[in-house]
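Structure, as structure tokens:
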Amino acid sequence: EHLRLCLDEASQLNSPPFASVELPYRALPEVNLADVRTEATLLGKQVSQPLIISSMTGGTEHGTKINTNLAVAAESENIALGVGSQRIGLEKKDALATFKLIRANAPSAFIFANMGAIQLNYGYTADHYRKVVDMVQADALYVHLNPLQEAIQPGGDTNYAHLLDKIARLIHAIEVPVFLKEVGHGIDVHTAQALLAAGAAGIDVAGVGGTSYAWVEAQRAHNADFADWFKDFGIPTETAIRSIAPIKGDGLLIASGGIRNPIQGYKAHLLGADFYASTQPFLQAALTSDEAVIDVIRQWQRGLQIAMFATGRREWNLNQ
């Protein structure tokens, strides 16, 4: 049901991020296009471009197809991949199998495991998070924050009280770097500051601008008012990047939330993001084949290379 609703055009915000950001086009770039390098380094591992295919799905009837196609493509093109929430993989053996396919098909790709922070207030411990990391033999862990989604979701988990201290303890207990991410409603600068101070390796802002999970959950709850009221509730992606970039220190900043092409990702980079992540443009391809996903990835890499060339940049480097 989530997948069906996310493919519905009505779930998408109609105000693309970074519309106000102008790329510094150069009519005389003094660069050979063939020399432009899109490679980036993510926690010591080189990837072919600064793109992360972000969290999409786990234990559904489509999970096997989607996760297999994404993993094969990520391995083929050497890009980072984030998996969907893995809680169901702890609870159901058939769902567990869909997650295990990821590392089996992507033995060397950079993989983000994923589970909600809120579970720490509902009996989950660091051991549960270690299991989701082991499930996909992950290089890093996404811990997602989704209070608005949970509040609208039928039967959602909404006890967010005293969660920061538990997140901090988890960060120090887990063996891989931990990133905090939203699911489409943004992370404010005060929360980002607290999470980075707690030891988070990075922040994925997942701001307002793309798929609205408030809208998705309101549709599932058959609540037309909430679908209208909360669809664009939160912090726009551009605003989140601008506010967090100056305080991120050594932490990595990932731009997501409405990024539908590498030009928007490049604009986010110029505002201070280190990487950019996207889901929706890859979903239909992942439902089709691994070749379809590979085609999209290659198109994004070529688009980024051309954008960098046309602005006189040879490498993915903020200080160039």
Side-chain angles (χ1 to χ4, degrees), residues 36-56 67 70-84 86 102-103 105-115 129 132-133 136-144 171 174-182 187 192 195-196 199-206 237 240-241 244-245 248-257 259 262 264-279 281-282 293-294 296-298 300-301 303-305 307-308 313-320:
V36 175
R37 312 300 300 177
T38 63
E39 291 89 347
T41 302
L42 180 54
L43 298 179
K45 181 178 280 190
Q46 189 178 69
V47 290
S48 65
Q49 57 180 307
L51 166 68
I52 301 166
I53 297 183
S54 197
S55 312
M56 201 170 298
N67 284 336
L70 291 174
V72 170
E75 181 71 15
S76 169
E77 302 307 301
N78 186 26
I79 64 163
L81 173 65
V83 306
Q86 293 172 252
I102 294 169
R103 185 52 85 186
N105 284 285
S108 62
F110 192 103
I111 303 295
F112 286 90
N114 180 17
M115 195 155 73
Y129 292 79
V132 304
V133 169
V136 294
Q137 299 174 43
D139 300 280
L141 172 65
Y142 264 144
V143 175
H144 65 263
I171 289 170
I174 211 81
E175 288 75 18
V176 297
V178 175
F179 289 69
L180 277 293
K181 75 182 298 289
E182 235 283 348
I187 293 182
L195 294 169
L196 291 167
I203 301 291
D204 183 335
V205 300
T237 301
I241 294 297
I244 297 172
K248 71 185 182 72
D250 294 331
L252 291 178
L253 182 56
I254 300 170
S256 69
I259 291 180
Q264 293 170 332
Y266 187 28
K267 288 182 176 182
H269 182 52
L270 294 180
L271 295 182
D274 300 293
F275 288 80
Y276 50 88
S278 184
T279 299
F282 299 89
V293 181
I294 289 170
V296 178
I297 294 171
R298 290 178 178 174
W300 278 55
Q301 184 170 15
L304 176 62
Q305 185 182 38
M308 292 171 60
R313 284 178 175 261
R314 292 179 177 84
E315 297 181 3
W316 184 256
N317 184 341
L318 274 175
N319 298 317
Q320 184 179 356

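Note that the numbering runs from 1 along the sequence shown for the chain. These numbers were taken from a predicted model, which means no experiment stands behind them.
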Between the CE atom in Met308 and the CD atom in Glu315, the distance rounded to the nearest 0.5 Å is 7.5 Å
Between the CG atom in Leu81 and the CZ atom in Arg103, the distance rounded to the nearest 0.5 Å is 9.0 Å
Is a side-chain N or O of Glu75 found less than 3.5 angstrom from the main chain of Ala109, in a donor-acceptor match? yes
Correct closest heavy-atom pair for Asn114 and Val83 would be ND2-O, 3.1 Å
Tightest non-hydrogen contact, residues Ala192 and Ile244, listed as CB-CD1, 3.7 Å
With sequence neighbours left out, the residues meeting side-chain contact (heavy atoms from CB on, under 4.5 Å) with Ala307 are Ile263, Tyr266
Across all chains, not counting sequence neighbours, the side-chain contact (heavy atoms from CB on, under 4.5 Å) partners of Gln301 are Thr38, Ser48, Gln49
Sorted by chain and number, sequence neighbours left out, side-chain hydrogen bond (donor to acceptor under 3.5 Å, both in side chains) with Gln264 holds for none
For Val293 and Ala73, the nearest pair of non-hydrogen atoms, with its separation, is CG1-CB, 3.4 Å
Distance col, row Leu141:CG vs Ile174:CD1, nearest 0.5 angstrom, shows 6.0 Å
Residues passing the side-chain hydrogen bond (donor to acceptor under 3.5 Å, both in side chains) test with Ser256, sequence neighbours excluded, are Asp204
Contacts of Glu77 meeting salt bridge (charged side-chain N to carboxylate O under 4.0 Å, His left out) (sequence neighbours excluded), chain-then-number -> Arg298
- Message: Is there a side-chain contact between Val143 and Ile171 in this structure, where contact means two heavy atoms from C-beta onward sitting under 4.5 Å apart?
- Response: no
All heavy atoms of Ala140 vs all of Leu43, minimum pair found to be CB-CD1, 4.3 Å
The reported gap from CD1 in Ile79 to CD1 in Ile294 (rounded to nearest 0.5 angstrom) is 9.5 Å
### Message
Quick one, Leu195 and Ile203 - any side-chain contact, counting heavy atoms below 4.5 Å?
### Response
yes
For Val132 and Gln86 the tightest heavy-atom approach is O-NE2, 2.9 Å
Hits for side-chain hydrogen bond (donor to acceptor under 3.5 Å, both in side chains) against Glu175, two or more places apart or cross-chain, chain-then-number order -> Arg130
Residue set satisfying side-chain contact (heavy atoms from CB on, under 4.5 Å) with Pro50, at least two apart, ordered chain then number -> Ala40, Phe275, Tyr276, Leu304, Trp316
Minimal heavy-atom distance between Ala200 and Leu180, with the atoms involved, is CB-CD2, 4.0 Å
Applying ring pair (Phe, Tyr, Trp, His ring centres under 6.0 Å) to Phe112 and not counting sequence neighbours gives Phe110, Tyr142, Phe179
**Study point:** Heavy-atom check, side chain of Lys181 versus side chain of Ile254, under 4.5 Å
**Key:** no
Validation row: Asp139, Leu42 side chains within 4.5 angstrom (heavy atoms):
no
dist Thr237:OG1 -> Glu182:CD (nearest 0.5 Å) comes out at 10.5 Å
Sequence neighbours excluded, the answer for side-chain hydrogen bond (donor to acceptor under 3.5 Å, both in side chains) partners of Ser76 is none
Does any non-hydrogen side-chain atom of Ile52 lie less than 4.5 Å from one of Val47? no
With sequence neighbours left out, the residues meeting side-chain contact (heavy atoms from CB on, under 4.5 Å) with Asn105 are Thr68, Ala71, Val72, Leu101
